[in-house]
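Report on one structure; see the data block that follows.
Every chain is numbered from 1, with letters handed out A, B, ... down the list of sequences.
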Amino acid sequence: ISGEKVVSRDIFEDLEEILIAADLGPSFTFDLIEDMKERAKRKELQNPESLKKIMVDNMTAILKQSESPIVLPSNKIFTIMVIGVNGTGKTTTIGKLAAFFKQQNASVLFAAADTFRAAAIEQLEIWSKRTETPLIKQAMGADPSAVVYDSIKAAKARNTDVLIVDTAGRLHTKTNLMDELKKIKRVMGKELPGAPHEILLVLDATTGQNALMQAQMFNAEIGISGLVLTKLDGTAKGGIVVRIAKEMKTPIRFIGVGEKIDDLRPFNGREFVEALFA
Amino acid sequence: SLTDKLDNVFKTLKGRGILDEESVRIALKDIRLALLEADVNFKIVKEFTEDVRTRAVGKEVLESITPGQQIVKIVHDRLVELMGTEESQLKLENRFPSPIMLVGLQGCGKTTTAAKLAHLLQKRQRRTALVSADVYRPAAMEQLRVLGDKIGAGVYVPSDEKDPVKICSSAMEYAKSGGYDTLIIDTAGRLHIDKELMDELKKIKRAVNPSEILFVADSMTGQDAVTVAESFNQTLSIDGVVLTKVDGDARGGAALSLRKVTGKPIKFIGTGEKIDAIEAFHPERMASRILG
Ligand SMILES: Nc1nc2c(ncn2[C@@H]2O[C@H](COP(=O)(O)OP(=O)(O)OP(=O)(O)O)[C@@H](O)[C@H]2O)c(=O)[nH]1
Ligand SMILES: Nc1nc2c(ncn2[C@@H]2O[C@H](COP(=O)(O)OP(=O)(O)OP(=O)(O)O)[C@@H](O)[C@H]2O)c(=O)[nH]1
Ligand SMILES: [Mg+2]
Ligand SMILES: [Mg+2]
């Protein structure tokens with residue numbers, strides 16, 4: 001009889017380790033485990049398999065609420081502003097997105113609004129060639145809002161379906177850089193009512209608890225309507241998005257699983273949780 | 001704050017002359033939580049809290065501070081001790097050129113750090129050349145060239161060689177004949193689980209025989225820092241770590257994880273995007289930051 005109780009205590013420790021190792025964070029992990037114990041008690045389940053299933057189902061249910069793909073409107077320009085801290089994979093994701101939307105027969109246009117970082121424009125230019133996506137750019141050092149202004153004009157002139165704006169990586173703690181993003185957003189909205197229709201925050205799966213801060217602060221400063229979680233082809237699990245999904249309910253649009261053009265997948269909660277426990 | 005939480009643990013246990021077993025056990029719960037919230041790897045947290053437990057239990061409660069402050073001091077000092085080192089100097093031998101190789105995951109800041117290091121070494125009167133062995137990332141070589149030109153460092157640009165190993169050997173020739181005493185090699189970001197690309201690093205190491213191999217890591221890295229660093233270290237036997245983006249608000253627990261799992265010192269921190277945003281690593285500041 002006490003044998004079964006001991007087994008349950010091991011499963012709690014095992015599950016705690018898996019979740020913490022996956023970057024869910026200690027307090028959120030604690031909450032999930034308490035919730036699981038509660039549900040298990042109600043259902044009078046004690047064996048490890050059932051407990052794990054309760055956990056998996058609960059996490060999947062949390063993520064299901066964030067399963068919400070981008071739906072392109074017909075006959076309107078859809079504008080996407082891609083933001084995030086340095087090096088998370090924004091520019092690469094934009095290249096992949098162009099290929100993705102083209103498969104849906106949408107026409108795409110790029111705005112090279114990272115006018116700051118060395119060779120940022122050249123990098124996007126190569127993706128532009130790879131995906132046959134026209135690119136609106138200015139010289140390095142130009143005002144990003146000016147590039148964005150030009151790109152909206154161009155999108156209207158060409159009847160583009162999807163305009164994707166690449167921005168420079170920036171830490172959410174830098175007020176002047178967050179102000180620059182706000183200005184870009186304002187300029188877009190002024191030139192095209194409703195723009196930006198999607199503000200996509202790109203998060204790196206190797207990031208720990210700071211990803212929650214990033215999501216909260218970018219959301220507070222400029223608002224985010226979707227997330228992309230990149231570099232899931234590595235060994236990091238990106239578990240922090242479970243907490244982000246629970247607390248912010250932000251749609252997770254895609255995951256990045258590599259550096260090539262087709263390494264982008266629509267987000268699926270169940271697959272994500274299964275990979276986390278794999 | 002952590003000190004307030006710990007003071008709370010101890011205020012119900014007043015009047016004891018020593019830090020007793022039970023109060024320390026309870027205090028360690030809060031310490032464990034703080035370290036995990038700071039992204040220290042959970043296995044390392046386990047070892048570390050046990051280490052602190054043996055150092056704290058039985059210690060006489062000091063007059064001048066609260067027991068909570070005393071435990072925090074024990075933790076803080078131990079963190080500093082574990083992360084501190086006198087060997088945070090670059091190993092630059094009397095070879096011309098002395099090669100420094102930068103390695104790490106995608107997007108952690110290698111290319112930017114390469115230029116920052118070149119700039120730092122120039123200030124120390126070293127003639128530094130740069131080479132990008134990144135034949136994969138769009139405009140990677142252009143990125144290093146732009147940065148190198150900005151600081152007047154020699155940048156080796158291959159004509160159309162596509163083999164990173166050959167590029168590095170040719171860059172050594174270029175640096176030698178150009179009278180450079182240092183060559184900084186920027187490699188492509190890669191996953192530690194990509195066998196082919198990890199083998200590529202081994203080949204570059206064999207061809208060039210670096211004086212210094214630096215593992216570049218993002219300071220906001222979570223639990224995975226241990227797995228990644230272990231792998232890079234086992235493959236290459238790194239000499240040190242550069243922790244980047246420390247100008248953010250990540251607590252930086254990866255610093256402790258990296259130090260513990262590789263045994264190698266953190267030599268520099270990246271503190272911004274500008275070319276002079278690189279500093280020597282200070283364990284006291286990092287320890288305070290990790291403890292929040
Ligand atoms: N393995 C892997 N690498 C990725 C993924 N997405 C992007 N990368 C790589 O991450 C690195 C950084 O990608 P970028 O697209 O330049 O990132 P960024 O956010 O635009 O960077 P900044 O503009 O400098 O802030 C590159 O080496 C990419 O190839 C992914 O899903 N998996
Ligand atoms: N805020 C801040 N940004 C940094 C720091 N170091 C690098 N960056 C930024 O991080 C992003 C990625 O830097 P890169 O130098 O391209 O990174 P990388 O490791 O060479 O990337 P890959 O070659 O794709 O693997 C760029 O936007 C840099 O400006 C730092 O210390 N602080
Ligand atoms: Mg970019
Ligand atoms: Mg690079």
Determine whether Arg117(A) and Gln143(B) make a side-chain contact, defined as any pair of heavy atoms from C-beta on separated by less than 4.5 Å. yes

Indicate yes or no: at least one non-hydrogen side-chain atom of Thr235(A) is less than 4.5 angstrom from one of Ile193(B). yes

Proximity breakdown for Leu36(B) and chain A, heavy-atom pairs closer than 4.5 Å: both

Is Thr88(A) in contact with chain B via its backbone, its side chain, both, or neither, using a 4.5 Å heavy-atom distance? neither

Chi angles and distances behind the side-chain contact (heavy atoms from CB on, under 4.5 Å) call for Thr230(A), Gln106(B): CA-CA 11 Å; Thr230(A) 62; Gln106(B) 291 90 346; over 6 Å; no

If you round to the nearest 0.5 Å, how far is CG of Leu19(A) from CD of Gln223(B)? 11.5 Å

Name the option with the most non-hydrogen atom pairs under 4.5 Å to chain B; the candidates are Ala119(A), Ala22(A), Ala120(A). Ala119(A)

When rounded to the nearest 0.5 angstrom, what distance separates CD1 in Ile121(A) from CD in Glu142(B)? 11.0 Å

Any salt bridge between Lys46(B) and Glu17(A), counting N to O under 4.0 Å? yes

Let's go through Asn86(A) and Glu273(B) carefully: what are the C-alpha distance in whole Å and the side-chain angles of both, what is the deciding distance for side-chain contact (heavy atoms from CB on, under 4.5 Å) to 0.1 Å, and is it a yes or a no? CA-CA 9 Å; Asn86(A) 310 70; Glu273(B) 296 192 68; 3.0 Å; yes

Between Arg137(B) and chain A, which part of the residue has a heavy atom less than 4.5 Å away: side chain, backbone, both or neither? side chain

Tell me, side chain or backbone of Gln209(A) under 4.5 Å from chain B's heavy atoms, or both, or neither? both

Taking side chain as C-beta onward, heavy atoms only, is Lys231(A) less than 4.5 Å from Leu105(B)? no

In terms of heavy-atom pairs under 4.5 Å with chain B, which of Leu171(A), Thr92(A), Leu124(A) leads? Leu171(A)

Please flag which part of Lys174(A) lies under 4.5 Å from any non-hydrogen atom of chain B: side chain, backbone, both or neither. side chain

With a 4.5 angstrom heavy-atom cut-off, could you sort out which part of Phe30(A) is near chain B: side chain, backbone, both or neither? neither

Check ion pair Glu16(A)-Arg32(B) (N to O, under 4.0 angstrom): yes

Does the side chain of Asp249(B) reach to within under 4.5 Å of the side chain of Met213(A), using non-hydrogen atoms? yes

Tell me, for Thr206(A) versus chain B, whether the close heavy atoms (under 4.5 Å) come from the side chain, the backbone, both or neither. both

Under 4.5 Å from any heavy atom of chain A, what part of Thr221(B) do you find: side chain, backbone, both or neither? both

